[in-house]
Amino acid sequence: MADMDRRVRLTMLFDLYAPLMTAHRRELLRLYCEEDLSLTEIAEQMQITRQGVSDAVSKAERQLEEYEAALGMLQRGLDTARAAREGLDALTRQDAKTVAEALEEILRLQG
């Protein structure tokens, strides 16, 4: 996965699961994801080593991926958005059957 894709996914996971993390890890990841600070900048601000920040970010990323594996909130949201796009596309084509299928998929995902 490209670094930008990884960073976007990490930010999305952080948005969903941050409340489940410790305050220290949440703040560190907030600086990394939302403030876009480098590991060195975070280390200076939090008065820890750069390696400590790197380790903490890696552990936080694994933790968020574990939450996603267990709860699936991000994937469900992405699937819902995909189904909504498909429904909108079908609506512009006046394809009632596909619109109905997309709406059924959204309801299934939310249900």
Side-chain angles (χ1 to χ4, degrees):
M1 182 181 309
D3 189 52
M4 181 58 83
D5 292 340
R6 184 187 135 282
R7 191 86 174 238
V8 169
R9 180 174 172 80
L10 181 59
T11 300
M12 293 170 76
L13 290 170
F14 179 71
D15 288 345
L16 289 168
Y17 300 117
L20 302 176
M21 303 177 84
T22 65
H24 177 76
R25 194 169 282 177
R26 188 171 48 243
E27 176 60 11
L28 192 142
L29 215 52
R30 185 191 70 75
L31 294 171
Y32 184 74
C33 292
E34 295 177 1
E35 301 296 325
D36 199 30
L37 296 183
S38 69
L39 299 179
T40 301
E41 291 169 323
I42 296 168
E44 290 170 1
Q45 185 166 333
M46 297 191 76
Q47 298 180 335
I48 58 177
T49 66
R50 184 192 178 289
Q51 185 61 48
V53 173
S54 178
D55 292 346
V57 168
S58 294
K59 287 177 186 174
E61 187 170 7
R62 279 194 305 276
Q63 181 181 23
L64 291 172
E65 290 292 352
E66 288 171 8
Y67 290 149
E68 176 60 13
L71 301 172
M73 291 171 52
L74 177 59
Q75 190 59 54
R76 190 172 26 254
L78 294 172
D79 290 345
T80 300
R82 177 197 40 77
R85 277 190 305 278
E86 288 173 4
L88 286 173
D89 290 345
L91 198 57
T92 60
R93 293 188 316 269
Q94 297 182 347
D95 180 354
K97 182 179 182 232
T98 304
V99 171
E101 289 170 354
L103 290 173
E104 287 172 4
E105 176 71 2
I106 290 170
L107 291 173
R108 185 191 67 74
L109 289 165
Q110 298 305 308

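Nothing fancy with the numbering, it's 1 onward along the sequence. Scope of the values below: all heavy atoms of this structure, side chains included, with no hydrogens, waters or symmetry mates.
- Expressed to the nearest 0.5 Å, how far CG of L13 lies from CD of E68 amounts to 5.5 Å.
- To the nearest 0.5 Å, atom CG of residue D55 and atom OG1 of residue T49 are 7.5 Å apart.
- To the nearest 0.5 Å, the span separating CG on L64 from CG on L74 amounts to 10.5 Å.
- The number of heavy-atom neighbours closer than 6.0 Å to CD of Q110, taken from other residues, nucleotides and ligands shown, is above 12.
- D15 contributes atom CG, which lies 9.5 Å from atom CG of L10 (distance to the nearest 0.5 angstrom).
- Taking all atoms of both residues into account, the shortest heavy-atom contact from L16 to M73 is CD2-CE, 3.8 Å.
- Using modelled atom types, no side-chain atom of Q75 and backbone atom of G72 make a donor-acceptor pair closer than 3.5 Å.
- Electrostatic pairing of R62 and E65 does not count as a salt bridge here, judged by no charged N lying under 4.0 Å from a carboxylate O.
- Under the rule for a side chain to side chain contact (heavy atoms under 4.5 Å, CB included), the partners of R85 that lie at least two apart in sequence or sit in another chain are A81, R82.
- With contacts defined as side-chain heavy-atom distances shorter than 4.5 Å, the pair V53/E44 does not qualify.
- Here R6 contributes atom CZ and T11 contributes atom OG1; the two are 9.5 Å apart, rounded to the nearest 0.5 Å.
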Return a table of donor-acceptor pairs under 3.5 angstrom between the side chains of residues 22-33 and protein atoms on other chains or two or more places apart.
| unit_1 | atom_1 | unit_2 | atom_2 | d |
| --- | --- | --- | --- | --- |
| T22 | OG1 | R25 | N | 3.2 |
| R25 | NH1 | Q63 | OE1 | 3.0 |
| R26 | NH1 | A18 | O | 3.4 |
| R26 | NH1 | M21 | O | 2.8 |
| E27 | OE1 | R30 | NE | 2.9 |
| E27 | OE2 | R30 | NH2 | 2.9 |
| R30 | NH1 | E35 | OE2 | 2.9 |

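- How far CD of E86 is from CG of D95: 11.0 Å, rounded to the nearest 0.5 Å.
- A102 and A83 get closest at one heavy-atom pair: CB-O, 3.3 Å.
- Taking each heavy atom of T98 and R93 in turn, the nearest pair found is CG2-NH2, 4.1 Å.
- With salt bridges taken as basic N to acidic carboxylate O contacts below 4.0 Å, one links E101 and K97.
- You'll find the side chain of V8 reaches within 4.5 Å of the side chain of M12, heavy atoms only.
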